[in-house]
Peer 1: 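Next up is a structure, given as structure tokens.
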Amino acid sequence: MATTAILSVVLLAQPAAAQQGVICSADKLPEMIEGFFQITTALGIIGLVVVWQADSLAEVFTMSHDQKKSLKRHKRSALKSGLILSILGPLYTVAGGMMGLPLAQCVDLAPW
């Protein structure tokens, strides 16, 4: 029973170990992943700024108290989304490196 478990772990771990080098050694794949993440993060932050400014402008011209509450709630949810978007890349880079994930070993997903 123990021999079977050890043998299966050894056989199943080899494909995973072989795949670690595939991502990092692929031609320009890490740079493409980093670039895609930086572009999507930048667009998300620009979207946050646009939504924030549009809601602030709409808030100036809104008379109803309920509509103002709704706009403030929308601004808060946009801010939360922007913060999550900005935090996920560095968090994956740090936590993925600690967990030994192959992509985190060779790709830096910090947007700055």
Side-chain angles (χ1 to χ4, degrees):
M1 179 77 165
T3 308
T4 307
I6 292 172
L7 187 60
S8 65
V9 168
V10 169
L11 291 175
L12 294 175
Q14 284 179 349
Q19 289 176 357
Q20 281 183 347
V22 172
I23 294 172
C24 295
S25 66
D27 223 19
K28 298 190 181 199
L29 182 62
E31 291 87 11
M32 287 175 34
I33 293 171
E34 287 175 6
F36 175 76
F37 188 81
Q38 289 173 352
I39 287 172
T40 56
T41 303
L43 289 176
I45 291 173
I46 290 170
L48 165 67
V49 170
V50 169
V51 166
W52 188 275
Q53 291 298 319
D55 284 349
S56 295
L57 183 64
E59 208 172 347
V60 169
F61 295 109
T62 301
M63 297 301 243
S64 168
H65 186 66
D66 291 335
Q67 288 176 336
K68 284 187 179 188
K69 276 186 177 179
S70 174
L71 287 170
K72 285 185 181 188
R73 198 171 33 245
H74 188 253
K75 283 170 57 173
R76 262 183 273 140
S77 68
L79 183 61
K80 287 178 189 176
S81 298
L83 286 174
I84 289 170
L85 185 64
S86 299
I87 291 172
L88 279 181
L91 181 66
Y92 177 79
T93 301
V94 171
M98 291 171 62
M99 293 187 306
L101 298 175
L103 186 61
Q105 305 276 325
C106 61
V107 176
D108 182 21
L109 296 181
W112 46 84

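Since the structure is predicted, the reported quantities are computational estimates derived from the model, not experimental observations. One is the number of the first residue; the rest follow in order along the sequence.
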Peer 1: Side chain to side chain contact (heavy atoms under 4.5 Å, CB included) with F36: which of I33, T40, I39?
Peer 2: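 Testing each of I33, T40, I39 against F36, the sole residue satisfying side chain to side chain contact (heavy atoms under 4.5 Å, CB included) is T40.
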Peer 1: Under the side chain to side chain contact (heavy atoms under 4.5 Å, CB included) test, which residues partner S56, sequence neighbours left out?
Peer 2: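 Residues passing side chain to side chain contact (heavy atoms under 4.5 Å, CB included) with S56: W52, K75.
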Peer 1: Answer yes or no: is there a donor N or O on one side and an acceptor on the other, between the side chain of S77 and the main chain of H74, under 3.5 Å?
Peer 2: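 Side chain of S77 to backbone of H74: a pair is present.
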Peer 1: Looking at every non-hydrogen atom in both residues, tell me the closest pair between L85 and G44 and how far apart they are.
Peer 2: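 That would be CD2-CA, 3.4 Å.
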Peer 1: Show the nearest heavy-atom pair for residues T62 and L71, with the distance to one decimal.
Peer 2: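 Closest approach of T62 to L71: OG1-CD1, 3.7 Å.
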Peer 1: At their closest point, which heavy atom of G82 faces which heavy atom of L48, and how far apart are they?
Peer 2: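 G82 and L48 have their closest heavy atoms at CA-CD2, 4.1 Å.
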Peer 1: Partners of S70 by side chain to side chain contact (heavy atoms under 4.5 Å, CB included), sequence neighbours excluded?
Peer 2: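 Counting only residues at least two positions away or on another chain, S70 forms a side chain to side chain contact (heavy atoms under 4.5 Å, CB included) with R73.
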Peer 1: Can you name the residues that form a side chain to side chain contact (heavy atoms under 4.5 Å, CB included) with Q53, not counting sequence neighbours?
Peer 2: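 V49.
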Peer 1: Working to the nearest 0.5 angstrom, can you tell me the gap between H65 NE2 and K68 NZ?
Peer 2: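 Reported to 0.5 Å precision, the distance equals 9.0 Å.
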Peer 1: Kindly give the heavy-atom pair with the smallest separation between V51 and A78, and that separation in Å.
Peer 2: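 That would be CG1-CB, 3.8 Å.
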